[in-house]
Amino acid sequence: MTIEREMTREFVNNAFAGESQAHMRYLLFARRAEEEEMPNIARLFRAIAYAEMVHAGNHYRALGGIGETADNIRVAIEGETHEVDEMYPVYKQAAHFQGEKEAETYAHYALEAEKIHAELYSRARTQAEKGRDMDLGTVYVCPVCGYTVEDEAPDCCPVCGAPGKRFRSFPA
């Protein structure tokens, strides 16, 4: 069931956005607390980040945002393609124009990673539409720029230059 009244839909959509941002913010805060050797505070941030994810999930379900896997992959591809074709090129250009080097660099990182994400989702879509899971080896993600690769991390990230040994693995 989805929400029918526009005002409630707008409020729930805003709540979803806010809870989603809180979830990410708290995970980033947890990472910082760990760097500062405060493991209990990091754990607290992670626990509450999880609670915020639960809230966001409930709101998104109420909005009717979770469909069958093949439909969810189509939504993911649309989002990644929008980021590649429209969002990040404009963000990167604006940051360059305004001399915001850090923002320009991060927009470049995201743009390059999103291209790969769209390709991976496209592979997944082919199988999901047949009602099957995809073949997927270990996935490696660069912790600096988000560059994503399957099967083996490179010696050096081709986008940002981070050492491959720093990549996070998502084993098969």
Side-chain angles (χ1 to χ4, degrees), residues 16 19-57 60-61 65-89 91-92 102-172:
F16 169 68
E19 297 289 358
S20 297
Q21 289 178 8
H23 168 77
M24 271 314 310
R25 187 172 36 252
Y26 297 163
L27 290 178
L28 294 169
F29 291 172
R31 184 182 303 164
R32 181 57 182 222
E34 282 180 344
E35 290 169 359
E36 294 177 4
E37 297 182 9
M38 298 178 195
N40 289 331
I41 293 173
R43 187 167 46 89
L44 176 63
F45 276 129
R46 279 198 173 74
I48 295 175
Y50 175 77
E52 303 298 0
M53 183 183 71
V54 169
H55 300 159
Y60 201 61
R61 270 188 284 294
I66 302 173
E68 300 295 320
T69 298
D71 296 325
N72 294 338
I73 290 172
R74 277 190 282 282
V75 170
I77 291 170
E78 288 171 9
E80 300 295 322
T81 302
H82 167 76
E83 291 170 347
V84 169
D85 293 343
E86 297 179 36
M87 190 177 92
Y88 282 121
Y91 288 5
K92 183 178 172 185
E102 185 176 36
E104 181 181 2
T105 297
Y106 292 156
H108 172 72
Y109 289 172
L111 174 61
E112 295 307 311
E114 303 300 1
K115 292 175 186 176
I116 296 163
H117 301 165
E119 291 173 18
L120 289 167
Y121 281 136
S122 291
R123 268 184 46 208
R125 177 181 55 194
T126 302
Q127 296 305 310
E129 288 175 345
K130 297 175 185 175
R132 297 190 302 229
D133 199 1
M134 71 185 293
D135 290 327
L136 184 68
T138 299
V139 177
Y140 294 89
V141 179
C142 177
V144 175
C145 71
Y147 173 80
T148 306
V149 65
E150 185 183 0
D151 293 329
E152 188 176 327
D155 291 334
C156 179
C157 179
V159 175
C160 71
K165 65 183 178 191
R166 291 187 55 205
F167 276 50
R168 181 169 176 195
S169 67
F170 297 82

* Go through the steps to decide whether Val84 and Leu111 satisfy the test side-chain contact (heavy atoms from CB on, under 4.5 Å), and finish with yes or no. => CA-CA 6 Å; Val84 169; Leu111 174 61; 4.2 Å; yes
Can you check whether [X] reaches [Y] side chain to side chain, under 4.5 Å on heavy atoms?
X	Y	answer
Tyr109	Val144	yes
Leu120	Thr148	yes
Phe167	Pro154	yes
Pro163	Cys156	no
Phe29	Leu27	no
Phe170	Arg168	yes

Using 0.5 Å steps for rounding, measure from the [atom1] atom of [X] to the [atom2] atom of [Y].
X	Y	atom1	atom2	result
Arg125	Ser122	CZ	OG	4.5 Å
Thr69	Met134	OG1	CE	12.5 Å
Gln127	Ile73	CD	CD1	9.5 Å
Tyr106	Cys145	OH	SG	11.0 Å
His117	Glu83	NE2	CD	9.0 Å
Glu80	Glu114	CD	CD	4.0 Å

Inspect the surroundings of [atom1] in [X] and state if more than 12 heavy atoms from other residues, nucleotides or ligands are less than 6.0 Å away.
X	atom1	value
Glu37	CD	no
Glu129	CD	yes
Tyr121	OH	no
Asp151	CG	yes

* What do the steps show when you test Glu102 against Thr105 for side-chain contact (heavy atoms from CB on, under 4.5 Å), and what is the final call? -> CA-CA 5 Å; Glu102 185 176 36; Thr105 297; 5.7 Å; no
* Main-chain N/O of Glu19 paired to His55 side chain as donor or acceptor, under 3.5 Å -> no
Distance-minimising heavy-atom pair for [X] and [Y]:
X	Y	answer
Arg43	Asn40	NH2-OD1, 3.0 Å
Ala162	Cys142	CB-SG, 3.8 Å
Ile41	Ala33	CG2-CB, 4.1 Å

NZ/NE/NH1/NH2 to OD/OE distance under 4.0 Å, [X] and [Y]:
X	Y	answer
Arg123	Glu150	yes
Arg32	Glu36	yes
Arg46	Glu34	yes

* Please work out which of the three classes, parallel, tilted or perpendicular, describes the rings of Tyr88 and Tyr91, given edges at 30° and 60°. => perpendicular
* To do: Check step by step if side-chain contact (heavy atoms from CB on, under 4.5 Å) holds for Val141 and Tyr147.
  => CA-CA 6 Å; Val141 179; Tyr147 173 80; over 6 Å; no
